[in-house]
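Here the structure comes first, spelled out in structure tokens, and everything after it is commentary.
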Amino acid sequence: MQEIDSLARETRGTLGYADDGVAGASGAPLRYELFHSAKSICSQKVRAVLAHHEIPYLDREMDVMKGDNFTPSYVHLRLLGCERIGAPLAKSHKGSTSVKSAGCDPCVVPTLIDWEQNAVLVDSKRICLELDETVAEENKLMPKALADDISRELEHVDDLPNVQMLLAKAPGGVDTNVAKLGLNSGIYTGSRIEFCRRFMEKSADDPRLMEAYSAKIDKESCAASELFSDQAVEIAYDVAENACGELEKKLAKRGSAWLFGDKVTMADVFWGIELLRFRNLGTASFWDDGRLPHVAHYVSAVSALPSIRKATMGDALF
């Protein structure tokens, strides 16, 4: 408890937040404190679940472009979370956000502190599921009767190639909306590596930090060398397009408002945020022009959900 408390205080101070502990607007303590980024797709998933269940939390927004998520106190918090779930540090990059596939990254968002349990929660999928466990069965986004089916959808979405689609030009050299803003894979991965090296110079006497930053350098170096070739990007887009095609078949077969009936589930939250990211990239609307009519209708439905609208904050990318 003391270690989490001191690290959280230091991180708040680094981010410029007042050292006001965990009290909410009413002065009463809140259970959750969320360190996140507005445009992070993983943060959006967690915020959507918090919004859906109307769970109050302390909002600690971070500027990932300025490297807020590389500060030593925050990385130490993340390491506690990685240890809690027994995940090795990520040293390679598969292009997805899946901790199961690649390991735990100590320098990303979101991170949720559960002050009631004195625990640091990492991995957006795990965070969402743990939050869902705190509500009554009839209100769950992951009802027991559908848990196995929903879990398969979550794992599928979690493993989609977000990084290539975000940072590389689309096949044929077409700029994405992010690329038009001047962001690309070289700038992004290079800046991540530079942040690590900068903090390593100040952390030589801290072996845990040195290990964390070294792992992150390995991961970003892997991304730079393996994820952004023309062939790798084409494969990534094929995977994403095929996933949308499979979703079309599922939606057509079920004929319900949502993936698993007439109630929103965690699968709809994850797919909804993923599809909105595809749409906002500007080159990945695989369902346009009547190609995937059920997916197109589904995108309209999920984009109208109050929880997703609140979580994505208008859907601007950067």
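Quick note: numbers below take in every heavy atom, side chains included, and nothing from hydrogens, waters or symmetry partners.
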### Task
Dump the intermediate steps for side-chain contact (heavy atoms from CB on, under 4.5 Å) on Asp268 and Trp271, then the final yes or no.
CA-CA 5 Å; Asp268 299 305; Trp271 263 117; 5.9 Å; no

### Message
Could you go through Tyr237 and Met165, starting from their C-alpha distance and side-chain angles, then the distance that decides it, and tell me whether this counts as side-chain contact (heavy atoms from CB on, under 4.5 Å)?
### Response
CA-CA 7 Å; Tyr237 270 78; Met165 297 181 69; 3.9 Å; yes

### Message
Checking Leu292 against Tyr298 for the side-chain contact (heavy atoms from CB on, under 4.5 Å) test, could you report, in this order, the C-alpha distance in whole Å, the side-chain angles of both residues, the deciding distance, and whether it holds?
### Response
CA-CA 10 Å; Leu292 302 175; Tyr298 184 66; over 6 Å; no

#### Entry: Evaluation steps, side-chain contact (heavy atoms from CB on, under 4.5 Å), between Arg192 and Lys219
CA-CA 10 Å; Arg192 309 297 95 180; Lys219 178 182 176 180; over 6 Å; no

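For the pair Glu116 (side chain) and Arg31 (backbone), a donor-acceptor distance under 3.5 Å is absent. Remark: side-chain polar atoms of Asp132 are paired, donor with acceptor, to backbone N or O of Met142 under 3.5 angstrom. Remark: side-chain polar atoms of Asn242 are paired, donor with acceptor, to backbone N or O of Asp238 under 3.5 angstrom. Checking side-chain atoms of Arg254 against main-chain N and O of Leu259 turns up a donor-acceptor pair under 3.5 Å. Side-chain atoms of Asp289 do not come within 3.5 Å of backbone N or O of Arg291 as any donor-acceptor pair. Without hydrogens or angle criteria, Asp114 side chain to Ala119 main chain gives no donor-acceptor distance under 3.5 Å. In this structure a side-chain-to-backbone donor-acceptor pair under 3.5 Å is present from Ser96 to Ser98. Side-chain N or O atoms of Glu220 include none that pairs as donor or acceptor with a backbone N or O of Thr189 at under 3.5 Å. Under a 3.5 Å cut-off, the side chain of Ser43 and the backbone N or O of Ser37 do form a donor-acceptor pair.
Closest heavy-atom contact between Pro110 and Cys42: CD-CB, 3.6 Å. Residue Thr176 comes nearest to Leu166 through the heavy atom pair OG1-O, 4.0 Å, listed as atom of the first residue, atom of the second, then distance. Contact record, Val157 with Glu274: CG1-OE1, 3.6 Å, taken as the closest heavy-atom pair. Contact detail for Pro143 and Ile150: the closest heavy-atom pair is CD-CD1, 3.9 Å. Minimum heavy-atom separation, Glu226 to Ala232: O-CB, 3.6 Å. Ser303 and Leu276 make their closest contact through CB-CD2, 3.8 Å (heavy atoms, listed as atom of the first residue, atom of the second, distance).
Distance check: Leu141 CG to Met266 CE gives 5.0 Å after rounding to the nearest 0.5 Å. The CZ atom of Arg277 lies 12.5 Å from the CG atom of Leu160; values are rounded to the nearest 0.5 Å. With values rounded to the nearest 0.5 angstrom, Thr11 atom OG1 is found 6.0 Å from Leu7 atom CG. One finds the NZ atom of Lys249 at 12.5 Å from the SG atom of Cys244 (value rounded to the nearest 0.5 Å). Going from atom CG of Leu77 over to atom CD1 of Ile113 covers 5.0 Å, rounded to the nearest 0.5 Å. Atoms OG1 and OH, from Thr134 and Tyr32 in turn, are 4.5 Å apart once rounded to the nearest 0.5 Å.
Checking His36 against Arg47 by side-chain atom types alone, a donor-acceptor pair falls below 3.5 Å. Between the side chains of Asp218 and His93, not a single donor N or O lies within less than 3.5 Å of an accepting N or O. The closest side-chain donor-acceptor pair between Thr111 and Tyr74 falls under 3.5 angstrom. If you check the side chains of Asp159 and Ser101, you find a donor sitting under 3.5 Å from an acceptor.
The number of heavy-atom neighbours closer than 6.0 Å to NZ of Lys91, taken from other residues, nucleotides and ligands shown, is 12 or below. Residue Asp230 places its CG atom among 12 or fewer non-hydrogen atoms of other residues, nucleotides or ligands, all under 6.0 Å distant. In Glu155, the CD atom is not crowded: 12 or fewer heavy atoms of neighbouring residues, nucleotides or ligands sit closer than 6.0 Å.
There is a path of hydrophobic side-chain contacts, each under 4.5 Å, that joins Ile235 to Val233. Put simply, Leu146 and Val302 are part of the same group of oily side chains (I, L, V, M, F, W, Y) that touch within less than 4.5 Å, one to the next.
Residue pairs meeting the disulfide bond (SG atoms under 2.5 Å apart) criterion with at least one member in residues 81-160, sequence neighbours excluded: Cys82-Cys104. The list of side-chain hydrogen bond (donor to acceptor under 3.5 Å, both in side chains) pairs with a residue in residues 137-149, not counting sequence neighbours, reads Asp149-Arg152.
A salt bridge between Lys250 and Glu153 is present, with a side-chain N of the basic residue lying under 4.0 Å from a carboxylate O of the acidic one. A salt bridge is defined here as a Lys NZ or Arg NE, NH1 or NH2 lying under 4.0 Å from an Asp or Glu carboxylate O, and Arg84 with Glu130 meets this definition. With respect to Glu83 and Arg208, a salt bridge is recorded, a charged nitrogen being found less than 4.0 Å from a carboxylate O. Taking a cutoff of 4.0 Å between a charged side-chain nitrogen and a carboxylate oxygen, Asp158 and Lys100 do not qualify as a salt bridge.
Think of Met210 as one node in a network of Ile, Leu, Val, Met, Phe, Trp and Tyr side chains linked at under 4.5 Å; its network also takes in Phe70, Val75, Leu79, Leu89, Ile193, Phe195, Phe199, Met200, Leu209, Tyr213, Ile217.
Side-chain atoms of Trp115 and Leu30, non-hydrogen and from C-beta on, never get closer than 4.5 Å to each other.
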